[in-house]
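To keep things clear, I will list the structure first and then write my remarks on it.
In this text the structure is predicted, and so the values were computed from the model without any measurement.
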Amino acid sequence: MCHRHTFAERRLCPVLAALFLLAGPARLHGQAAEPARQQPGKWNLKPIRWSSDFPADARPRLTQAINEIVAVLRKTQTLAQPRGFDVNVDTHAEWHDLDNQLETGQPKYTAADISVELVSKTGGQPLATIGIRVNDLSLFAGWEAGHGVSEADAGARFLNDPPEPFEMRGEWPVYHDSSERESWVVMTRAKVPVFAPVPRERYLRYEIAETQKVNGRQMATLKPPPSNDPQVVAAWKEAQRRMAEIRQTFDQSKAAIQKQLDALNQQLAGATASDRQAPTYFSNPNPTENGTIEFLQRGDPDAKAVVYRNRALMNDRLPRGTPQILTIRVDSGDEAPELASQLEKELEWAALEKTVVSAP
(Lines give C-alpha, C1' and ligand atoms only; values in the text may rest on other atoms or scores of the structure.)
Protein backbone atom coordinates (compact mmCIF):
# COMPACT_ATOMS: atom_id res chain seq x y z
CA MET A 1 0.00 0.00 0.00
CA CYS A 2 1.08 3.58 -0.62
CA HIS A 3 1.20 4.63 3.09
CA ARG A 4 4.01 2.15 3.71
CA HIS A 5 6.31 3.75 1.07
CA THR A 6 8.60 6.75 1.13
CA PHE A 7 7.40 10.20 0.16
CA ALA A 8 8.88 9.90 -3.35
CA GLU A 9 7.29 6.47 -3.78
CA ARG A 10 3.92 7.78 -2.55
CA ARG A 11 4.08 10.49 -5.21
CA LEU A 12 4.38 7.76 -7.83
CA CYS A 13 1.41 5.75 -6.55
CA PRO A 14 -1.29 7.78 -8.30
CA VAL A 15 0.73 7.61 -11.51
CA LEU A 16 1.18 3.85 -11.18
CA ALA A 17 -2.52 3.43 -10.43
CA ALA A 18 -3.44 5.44 -13.50
CA LEU A 19 -1.09 3.39 -15.65
CA PHE A 20 -2.59 0.20 -14.23
CA LEU A 21 -6.08 1.37 -15.10
CA LEU A 22 -4.95 2.29 -18.62
CA ALA A 23 -2.98 -0.86 -19.17
CA GLY A 24 -5.52 -3.22 -17.68
CA PRO A 25 -8.30 -2.82 -20.28
CA ALA A 26 -5.76 -2.85 -23.11
CA ARG A 27 -4.35 -6.12 -21.81
CA LEU A 28 -7.82 -7.62 -21.47
CA HIS A 29 -8.70 -6.31 -24.91
CA GLY A 30 -5.51 -7.87 -26.30
CA GLN A 31 -6.56 -11.19 -24.84
CA ALA A 32 -10.00 -10.95 -26.41
CA ALA A 33 -8.80 -9.94 -29.87
CA GLU A 34 -5.90 -11.21 -31.94
CA PRO A 35 -2.79 -9.01 -32.00
CA ALA A 36 -2.26 -7.19 -35.28
CA ARG A 37 0.53 -9.55 -36.22
CA GLN A 38 -1.93 -12.45 -36.07
CA GLN A 39 -4.65 -10.82 -38.14
CA PRO A 40 -5.34 -12.82 -41.31
CA GLY A 41 -3.96 -11.20 -44.42
CA LYS A 42 -5.00 -11.54 -48.03
CA TRP A 43 -3.50 -11.76 -51.49
CA ASN A 44 -4.04 -8.79 -53.78
CA LEU A 45 -3.13 -9.57 -57.39
CA LYS A 46 -3.17 -6.53 -59.65
CA PRO A 47 -3.85 -7.05 -63.37
CA ILE A 48 -0.72 -7.40 -65.48
CA ARG A 49 0.38 -4.07 -66.93
CA TRP A 50 1.38 -4.62 -70.56
CA SER A 51 3.62 -2.22 -72.45
CA SER A 52 1.97 -0.76 -75.54
CA ASP A 53 4.36 -2.57 -77.91
CA PHE A 54 4.04 -5.97 -76.26
CA PRO A 55 3.23 -8.65 -78.90
CA ALA A 56 -0.36 -9.77 -78.51
CA ASP A 57 0.43 -13.35 -79.53
CA ALA A 58 2.90 -13.68 -76.63
CA ARG A 59 0.52 -12.59 -73.89
CA PRO A 60 -1.15 -15.98 -73.26
CA ARG A 61 2.17 -17.82 -72.78
CA LEU A 62 3.70 -15.18 -70.53
CA THR A 63 0.46 -14.90 -68.54
CA GLN A 64 0.62 -18.65 -67.97
CA ALA A 65 4.22 -18.37 -66.78
CA ILE A 66 3.39 -15.53 -64.38
CA ASN A 67 0.45 -17.51 -62.97
CA GLU A 68 2.70 -20.56 -62.48
CA ILE A 69 5.28 -18.46 -60.60
CA VAL A 70 2.62 -16.90 -58.36
CA ALA A 71 1.17 -20.36 -57.68
CA VAL A 72 4.59 -21.52 -56.48
CA LEU A 73 4.85 -18.53 -54.15
CA ARG A 74 1.40 -19.19 -52.71
CA LYS A 75 2.57 -22.62 -51.55
CA THR A 76 5.25 -21.06 -49.36
CA GLN A 77 4.39 -21.63 -45.70
CA THR A 78 4.63 -17.98 -44.67
CA LEU A 79 2.65 -16.82 -47.70
CA ALA A 80 0.03 -19.59 -47.94
CA GLN A 81 -2.01 -18.11 -45.08
CA PRO A 82 -0.53 -14.68 -44.40
CA ARG A 83 -0.77 -13.37 -40.85
CA GLY A 84 -0.19 -9.75 -39.97
CA PHE A 85 0.41 -8.70 -43.56
CA ASP A 86 -1.18 -8.61 -47.01
CA VAL A 87 0.57 -9.93 -50.10
CA ASN A 88 0.46 -7.40 -52.96
CA VAL A 89 1.50 -8.64 -56.39
CA ASP A 90 2.24 -6.14 -59.15
CA THR A 91 3.49 -7.28 -62.57
CA HIS A 92 4.75 -5.22 -65.50
CA ALA A 93 5.37 -6.92 -68.86
CA GLU A 94 7.62 -5.35 -71.51
CA TRP A 95 9.18 -6.06 -74.89
CA HIS A 96 12.92 -5.47 -74.77
CA ASP A 97 16.33 -7.09 -75.11
CA LEU A 98 18.25 -8.87 -72.37
CA ASP A 99 19.80 -5.55 -71.29
CA ASN A 100 16.31 -4.11 -70.71
CA GLN A 101 16.88 -1.74 -73.63
CA LEU A 102 13.92 -0.63 -75.71
CA GLU A 103 15.76 1.02 -78.61
CA THR A 104 18.38 -1.41 -79.81
CA GLY A 105 19.37 -3.61 -82.72
CA GLN A 106 19.47 -6.64 -80.43
CA PRO A 107 16.82 -9.39 -80.45
CA LYS A 108 13.88 -8.53 -78.22
CA TYR A 109 12.05 -10.85 -75.87
CA THR A 110 8.90 -10.84 -73.82
CA ALA A 111 9.88 -9.98 -70.25
CA ALA A 112 8.14 -9.44 -66.95
CA ASP A 113 8.96 -7.83 -63.62
CA ILE A 114 6.95 -9.42 -60.78
CA SER A 115 7.01 -7.52 -57.48
CA VAL A 116 5.59 -9.28 -54.41
CA GLU A 117 5.33 -7.09 -51.31
CA LEU A 118 4.41 -8.30 -47.84
CA VAL A 119 2.71 -5.20 -46.45
CA SER A 120 2.14 -4.86 -42.70
CA LYS A 121 -1.47 -4.74 -41.48
CA THR A 122 -0.55 -2.02 -38.98
CA GLY A 123 1.80 0.44 -40.60
CA GLY A 124 1.35 -0.34 -44.27
CA GLN A 125 5.13 -0.71 -44.65
CA PRO A 126 6.65 -3.58 -46.65
CA LEU A 127 7.97 -6.25 -44.29
CA ALA A 128 9.64 -8.05 -47.18
CA THR A 129 9.80 -8.00 -50.96
CA ILE A 130 10.25 -10.78 -53.48
CA GLY A 131 11.33 -9.59 -56.92
CA ILE A 132 11.23 -11.96 -59.87
CA ARG A 133 12.25 -10.96 -63.38
CA VAL A 134 11.50 -13.08 -66.43
CA ASN A 135 13.85 -12.92 -69.45
CA ASP A 136 15.66 -9.89 -68.03
CA LEU A 137 19.35 -9.62 -67.05
CA SER A 138 19.36 -5.91 -66.24
CA LEU A 139 20.65 -6.75 -62.76
CA PHE A 140 24.13 -6.48 -64.32
CA ALA A 141 23.65 -2.81 -65.21
CA GLY A 142 26.49 -0.75 -63.80
CA TRP A 143 29.43 -2.46 -65.45
CA GLU A 144 29.00 -0.86 -68.89
CA ALA A 145 32.14 -0.67 -71.03
CA GLY A 146 30.83 0.32 -74.45
CA HIS A 147 28.52 -1.36 -76.93
CA GLY A 148 28.54 -3.21 -80.21
CA VAL A 149 28.48 -1.18 -83.44
CA SER A 150 28.41 -3.83 -86.15
CA GLU A 151 25.16 -5.01 -87.70
CA ALA A 152 25.48 -8.27 -85.76
CA ASP A 153 25.86 -6.70 -82.33
CA ALA A 154 24.54 -3.15 -82.68
CA GLY A 155 23.62 -1.86 -79.26
CA ALA A 156 24.81 -4.93 -77.33
CA ARG A 157 26.19 -3.65 -74.03
CA PHE A 158 29.75 -4.54 -73.21
CA LEU A 159 30.43 -5.12 -69.52
CA ASN A 160 33.76 -4.45 -67.84
CA ASP A 161 34.66 -7.08 -65.25
CA PRO A 162 31.15 -8.06 -64.12
CA PRO A 163 30.90 -9.92 -60.82
CA GLU A 164 31.59 -13.57 -60.29
CA PRO A 165 28.92 -15.48 -58.33
CA PHE A 166 29.60 -14.92 -54.64
CA GLU A 167 27.85 -18.16 -53.72
CA MET A 168 25.71 -20.94 -55.19
CA ARG A 169 22.16 -21.96 -54.38
CA GLY A 170 22.31 -25.56 -55.43
CA GLU A 171 23.44 -25.45 -59.04
CA TRP A 172 22.34 -21.85 -59.55
CA PRO A 173 24.68 -18.87 -59.10
CA VAL A 174 23.87 -15.96 -56.82
CA TYR A 175 25.09 -12.55 -57.98
CA HIS A 176 25.34 -9.15 -56.34
CA ASP A 177 24.14 -6.13 -58.28
CA SER A 178 26.44 -3.14 -58.85
CA SER A 179 25.49 -1.60 -55.49
CA GLU A 180 26.36 -4.90 -53.74
CA ARG A 181 23.20 -4.46 -51.67
CA GLU A 182 20.95 -6.84 -53.59
CA SER A 183 21.51 -10.55 -54.22
CA TRP A 184 19.92 -12.31 -57.17
CA VAL A 185 19.58 -16.02 -57.87
CA VAL A 186 19.93 -16.58 -61.62
CA MET A 187 18.14 -19.54 -63.23
CA THR A 188 18.56 -20.20 -66.95
CA ARG A 189 16.97 -22.70 -69.28
CA ALA A 190 20.11 -23.04 -71.39
CA LYS A 191 23.11 -24.58 -69.68
CA VAL A 192 25.57 -22.00 -70.97
CA PRO A 193 27.68 -19.27 -69.31
CA VAL A 194 25.84 -16.05 -68.49
CA PHE A 195 28.56 -14.00 -70.24
CA ALA A 196 30.40 -14.33 -73.54
CA PRO A 197 33.77 -12.65 -74.23
CA VAL A 198 33.98 -9.57 -76.44
CA PRO A 199 36.64 -10.13 -79.14
CA ARG A 200 39.31 -7.45 -79.42
CA GLU A 201 38.14 -6.51 -82.91
CA ARG A 202 34.65 -5.69 -81.63
CA TYR A 203 36.03 -3.55 -78.87
CA LEU A 204 38.40 -1.71 -81.20
CA ARG A 205 35.55 -1.01 -83.61
CA TYR A 206 33.54 0.45 -80.73
CA GLU A 207 36.44 2.74 -79.74
CA ILE A 208 36.94 3.78 -83.37
CA ALA A 209 33.23 4.59 -83.77
CA GLU A 210 33.16 6.67 -80.57
CA THR A 211 36.34 8.52 -81.54
CA GLN A 212 34.89 9.27 -84.98
CA LYS A 213 31.84 10.83 -83.32
CA VAL A 214 34.03 13.13 -81.24
CA ASN A 215 36.21 13.96 -84.22
CA GLY A 216 33.18 14.95 -86.28
CA ARG A 217 32.09 17.66 -83.90
CA GLN A 218 32.42 21.21 -85.16
CA MET A 219 33.20 24.29 -83.17
CA ALA A 220 30.07 26.22 -82.31
CA THR A 221 29.70 29.65 -83.87
CA LEU A 222 29.56 32.66 -81.60
CA LYS A 223 26.03 34.02 -81.82
CA PRO A 224 24.99 37.54 -80.74
CA PRO A 225 24.35 37.92 -77.02
CA PRO A 226 20.89 36.59 -76.04
CA SER A 227 20.12 39.68 -73.97
CA ASN A 228 21.24 43.27 -73.33
CA ASP A 229 22.25 42.48 -69.79
CA PRO A 230 25.61 44.24 -69.22
CA GLN A 231 27.24 41.11 -67.79
CA VAL A 232 26.07 38.96 -70.71
CA VAL A 233 27.28 41.52 -73.23
CA ALA A 234 30.63 41.80 -71.44
CA ALA A 235 31.08 38.01 -71.50
CA TRP A 236 30.21 37.91 -75.20
CA LYS A 237 32.77 40.63 -75.99
CA GLU A 238 35.42 38.75 -73.98
CA ALA A 239 34.68 35.59 -75.96
CA GLN A 240 34.99 37.57 -79.20
CA ARG A 241 38.32 38.95 -78.06
CA ARG A 242 39.63 35.46 -77.25
CA MET A 243 38.13 33.74 -80.30
CA ALA A 244 41.49 33.14 -81.97
CA GLU A 245 42.85 31.53 -78.79
CA ILE A 246 39.70 29.40 -78.41
CA ARG A 247 39.88 28.23 -82.02
CA GLN A 248 43.55 27.35 -81.66
CA THR A 249 42.77 25.20 -78.59
CA PHE A 250 39.90 23.54 -80.45
CA ASP A 251 42.07 22.78 -83.48
CA GLN A 252 44.79 21.31 -81.26
CA SER A 253 42.23 19.05 -79.60
CA LYS A 254 40.88 17.95 -82.99
CA ALA A 255 44.40 17.14 -84.14
CA ALA A 256 44.97 15.01 -81.01
CA ILE A 257 41.69 13.17 -81.57
CA GLN A 258 42.57 12.57 -85.22
CA LYS A 259 45.94 11.18 -84.15
CA GLN A 260 44.20 8.82 -81.73
CA LEU A 261 41.74 7.76 -84.44
CA ASP A 262 44.61 7.02 -86.85
CA ALA A 263 46.38 4.97 -84.17
CA LEU A 264 43.26 2.91 -83.44
CA ASN A 265 42.68 2.22 -87.13
CA GLN A 266 46.32 1.19 -87.53
CA GLN A 267 46.05 -1.08 -84.49
CA LEU A 268 43.02 -2.83 -86.00
CA ALA A 269 44.56 -3.07 -89.46
CA GLY A 270 47.74 -4.58 -88.06
CA ALA A 271 46.03 -7.16 -85.87
CA THR A 272 46.35 -10.78 -86.90
CA ALA A 273 43.30 -13.01 -87.24
CA SER A 274 44.01 -14.62 -83.87
CA ASP A 275 44.47 -11.19 -82.23
CA ARG A 276 41.15 -10.01 -83.63
CA GLN A 277 39.31 -12.99 -82.14
CA ALA A 278 41.17 -12.99 -78.81
CA PRO A 279 39.00 -12.12 -75.78
CA THR A 280 39.35 -8.56 -74.56
CA TYR A 281 41.22 -7.94 -71.31
CA PHE A 282 42.67 -4.64 -70.10
CA SER A 283 43.27 -2.65 -66.94
CA ASN A 284 42.41 0.70 -68.55
CA PRO A 285 39.57 0.95 -71.09
CA ASN A 286 40.91 4.25 -72.46
CA PRO A 287 43.57 4.57 -75.18
CA THR A 288 47.16 5.06 -74.05
CA GLU A 289 49.24 8.17 -74.86
CA ASN A 290 50.03 6.74 -78.30
CA GLY A 291 46.30 6.36 -79.00
CA THR A 292 46.01 2.57 -78.90
CA ILE A 293 44.29 0.16 -76.50
CA GLU A 294 46.71 -1.77 -74.32
CA PHE A 295 45.27 -5.29 -74.34
CA LEU A 296 46.24 -7.81 -71.68
CA GLN A 297 46.04 -11.55 -71.34
CA ARG A 298 43.84 -13.40 -68.90
CA GLY A 299 45.74 -13.80 -65.65
CA ASP A 300 47.85 -10.68 -66.12
CA PRO A 301 47.95 -8.31 -63.13
CA ASP A 302 44.89 -6.00 -63.12
CA ALA A 303 43.48 -7.71 -66.23
CA LYS A 304 39.71 -7.17 -66.43
CA ALA A 305 37.51 -9.03 -68.88
CA VAL A 306 35.12 -7.28 -71.27
CA VAL A 307 32.05 -9.42 -71.94
CA TYR A 308 28.43 -9.19 -73.00
CA ARG A 309 25.32 -11.12 -72.03
CA ASN A 310 25.41 -14.47 -73.77
CA ARG A 311 22.79 -14.64 -76.54
CA ALA A 312 22.89 -18.43 -76.34
CA LEU A 313 20.86 -18.06 -73.14
CA MET A 314 17.78 -17.52 -75.31
CA ASN A 315 16.34 -20.01 -77.79
CA ASP A 316 14.56 -18.00 -80.47
CA ARG A 317 12.75 -21.10 -81.73
CA LEU A 318 10.61 -21.28 -78.60
CA PRO A 319 7.21 -19.57 -78.58
CA ARG A 320 7.36 -15.91 -77.66
CA GLY A 321 6.46 -15.49 -74.02
CA THR A 322 8.31 -18.62 -72.91
CA PRO A 323 10.30 -17.97 -69.72
CA GLN A 324 13.95 -18.83 -70.32
CA ILE A 325 15.64 -16.80 -67.57
CA LEU A 326 14.51 -16.11 -64.01
CA THR A 327 16.29 -13.77 -61.61
CA ILE A 328 14.99 -13.87 -58.05
CA ARG A 329 15.66 -11.51 -55.15
CA VAL A 330 14.31 -11.63 -51.56
CA ASP A 331 14.68 -8.59 -49.29
CA SER A 332 13.45 -7.78 -45.77
CA GLY A 333 12.24 -4.44 -44.52
CA ASP A 334 13.55 -2.75 -41.37
CA GLU A 335 10.65 -4.05 -39.24
CA ALA A 336 11.34 -7.73 -39.98
CA PRO A 337 15.04 -8.18 -40.81
CA GLU A 338 14.84 -11.96 -40.37
CA LEU A 339 11.92 -12.46 -42.76
CA ALA A 340 14.01 -12.66 -45.95
CA SER A 341 16.06 -15.62 -44.74
CA GLN A 342 12.87 -17.33 -43.59
CA LEU A 343 11.26 -16.87 -47.01
CA GLU A 344 14.40 -18.06 -48.79
CA LYS A 345 14.31 -21.29 -46.77
CA GLU A 346 10.63 -21.85 -47.49
CA LEU A 347 10.55 -21.00 -51.19
CA GLU A 348 10.14 -24.03 -53.44
CA TRP A 349 13.21 -23.33 -55.52
CA ALA A 350 12.84 -26.55 -57.50
CA ALA A 351 9.32 -25.56 -58.53
CA LEU A 352 10.51 -22.09 -59.59
CA GLU A 353 13.28 -23.75 -61.57
CA LYS A 354 10.72 -25.97 -63.29
CA THR A 355 8.82 -22.95 -64.64
CA VAL A 356 11.94 -22.07 -66.62
CA VAL A 357 13.82 -25.28 -67.28
CA SER A 358 10.76 -27.41 -68.09
CA ALA A 359 8.71 -24.72 -69.78
CA PRO A 360 7.24 -26.10 -73.05
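Within the 4.5 Å cutoff, the side chain of Glu94 has heavy atoms near those of the Asn100 side chain. A heavy-atom distance below 4.5 Å is not found between the side chains of Val356 and Gln324. In this structure, Leu118 and Pro82 have side chains that are not in contact, with every pair of non-hydrogen atoms separated by 4.5 Å or more. Residues Arg320 and Arg61 have side chains not in contact (no heavy-atom distance under 4.5 Å, counting atoms from C-beta outward). Residues Leu204 and Gln267 have side chains in contact (heavy-atom distance under 4.5 Å, counting atoms from C-beta outward). No side-chain heavy atom of Val116 sits under 4.5 Å from any side-chain heavy atom of Thr129. Residues Phe85 and Thr78 have side chains in contact (heavy-atom distance under 4.5 Å, counting atoms from C-beta outward). Contact check for Trp143 versus Pro163: side-chain heavy atoms found under the 4.5 Å cut-off.
The minimum heavy-atom distance linking Ala271 with Arg276 is given by the pair O-NE, 3.4 Å. Smallest separation of non-hydrogen atoms from His92 and Ser51: NE2-N, 4.4 Å. The minimum heavy-atom distance linking Leu313 with Pro193 is given by the pair CD2-O, 4.0 Å. When every heavy atom of Leu296 is checked against every heavy atom of Ala303, the shortest pair comes out as CD1-CA, 3.9 Å. The two residues Val186 and Thr188 make their nearest non-hydrogen contact at CG1-CG2, 4.0 Å. Contact detail for Val174 and Ser183: the closest heavy-atom pair is CG1-CB, 4.1 Å.
Between the OG1 atom in Thr91 and the NZ atom in Lys46 there is a gap of 10.0 Å [rounded to 0.5 Å]. Interatomic distance, Asn265 CG to Gln212 CD, rounded to the nearest 0.5 Å: 6.5 Å. Residue Ile66 holds its CD1 atom at 11.0 Å from OG1 of Thr355, rounded to the nearest 0.5 Å. Atom CZ of Arg202 is separated from atom OG1 of Thr280 by 10.0 Å, given to the nearest 0.5 angstrom. Of the inter-residue distances, the one linking Asn88 atom CG with Leu45 atom CG reads 9.0 Å to the nearest 0.5 angstrom. Here the straight-line distance linking atom CG of Leu62 with atom CG of Asn135 works out to 7.5 Å at 0.5 Å rounding.
No donor-acceptor distance shorter than 3.5 angstrom exists from the side chain of Thr292 to the backbone of Thr288, with no hydrogens or angles considered. With hydrogens and angles disregarded, a donor-acceptor distance shorter than 3.5 Å links the side chain of Lys254 to the backbone of Arg217. Side chain of Trp184 to main chain of Ile132: no donor-acceptor pair is present (N/O by atom type, distance under 3.5 Å, no hydrogens or angles). With hydrogens and angles ignored, the 3.5 Å screen pairs no side-chain donor or acceptor of Thr322 with any backbone N or O of Leu318. The closest donor-acceptor contact from the side chain of Asp99 to the backbone of Gln101 lies at 3.5 Å or more, if one exists at all. Between the side chain of Thr272 and the backbone N or O of Asp275, at least one donor-acceptor pair lies under 3.5 Å. In this structure a side-chain-to-backbone donor-acceptor pair under 3.5 Å is missing from Arg133 to Asp113. The backbone N or O of Lys304 sits nowhere less than 3.5 Å from a side-chain atom of Asp161 that would complete a donor-acceptor pair. Listed for the Asp153 side chain is no donor-acceptor partner under 3.5 Å among the backbone atoms of Ala156.
Glu344 has a carboxylate O that lies under 4.0 Å from a charged side-chain N of Arg169, or vice versa, which qualifies the two as a salt bridge. In summary, Lys75 and Glu348 do not engage in a salt bridge, as defined by a charged side-chain N under 4.0 Å from a carboxylate O.
Both Ile114 and Leu347 belong to a common hydrophobic cluster when Ile, Leu, Val, Met, Phe, Trp and Tyr are linked at side-chain heavy-atom distances under 4.5 angstrom. In this structure, Val185 is a member of the same hydrophobic cluster as Leu73, with clusters built from ILVMFWY side-chain heavy atoms closer than 4.5 Å. Residues Tyr203 and Phe195 do not share a hydrophobic cluster, defined by chaining ILVMFWY side chains whose heavy atoms lie under 4.5 Å apart. Note on Val192 and Phe140: same hydrophobic cluster, where clusters join Ile, Leu, Val, Met, Phe, Trp and Tyr whose side-chain heavy atoms are under 4.5 Å apart, directly or indirectly. No chain of hydrophobic side-chain contacts below 4.5 Å, direct or via other Ile, Leu, Val, Met, Phe, Trp or Tyr residues, connects Ile293 to Val149.
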Applying side chain to side chain contact (heavy atoms under 4.5 Å, CB included), run through Trp43 and Leu79 and close with a yes or a no. CA-CA 9 Å; Trp43 279 70; Leu79 303 180; 3.7 Å; yes
Side chain to side chain contact (heavy atoms under 4.5 Å, CB included) for Asp97 and Arg309? Distances and angles first, verdict last. CA-CA 10 Å; Asp97 68 8; Arg309 293 158 182 81; over 6 Å; no
Between Gln106 and Arg311, is a side-chain hydrogen bond (donor to acceptor under 3.5 Å, both in side chains) present by the stated rule, with each step listed? CA-CA 9 Å; Gln106 295 302 293; Arg311 292 183 203 145; 3.1 Å; yes
Could you please spell out the steps behind the salt bridge (charged side-chain N to carboxylate O under 4.0 Å, His left out) verdict for Asp331 and Arg329? CA-CA 7 Å; Asp331 285 332; Arg329 171 179 57 89; 2.3 Å; yes
Evaluate Gln266 against Asp262 for side-chain hydrogen bond (donor to acceptor under 3.5 Å, both in side chains), listing each step before the verdict. CA-CA 6 Å; Gln266 290 172 7; Asp262 293 340; 5.9 Å; no
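Side-chain contact check for Asp316 and Tyr109: at least one donor-acceptor pair (N or O, by modelled atom type) lies under 3.5 Å. With hydrogens and angles left out, the side-chain atoms of Gln342 and Glu338 include no donor and acceptor closer than 3.5 Å. Between Ser150 and Arg205, the side chains place no donor N or O within less than 3.5 Å of an acceptor N or O (distance only, hydrogens not considered).
The aromatic ring centres of Phe166 and Tyr175 sit 6.0 Å or more apart. You'll find the ring centres of Tyr206 and His147 inside the 6.0 Å limit.
Applying the side chain to side chain contact (heavy atoms under 4.5 Å, CB included) test between Pro323 and each of Val134, Thr110, Val357 identifies Val134 as the sole match. Each of Asp136, Leu137, Val194 was compared with Ile325 under the side chain to side chain contact (heavy atoms under 4.5 Å, CB included) criterion, and only Leu137 meets it.
Counting heavy-atom neighbours within 6.0 Å of Glu171 CD, excluding the residue itself, gives a total above 12. Applying the 6.0 Å contact sphere to NZ of Lys191 captures more than 12 heavy atoms from other residues, nucleotides or ligands. The 12-atom threshold is exceeded at CD of Gln252, counting heavy atoms of other residues, nucleotides or ligands nearer than 6.0 Å. Surrounding CD of Glu238 are more than 12 heavy atoms belonging to other residues, nucleotides or ligands, all under 6.0 Å away. Atom CD of Gln297 is surrounded by 12 or fewer heavy atoms from other residues, nucleotides or ligands within 6.0 Å. Taking a 6.0 Å sphere around CD of Gln231, one finds it holds 12 or fewer heavy atoms contributed by other residues, nucleotides or ligands. More than 12 heavy atoms of other shown residues, nucleotides or ligands fall within 6.0 angstrom of atom CG in Asn286.
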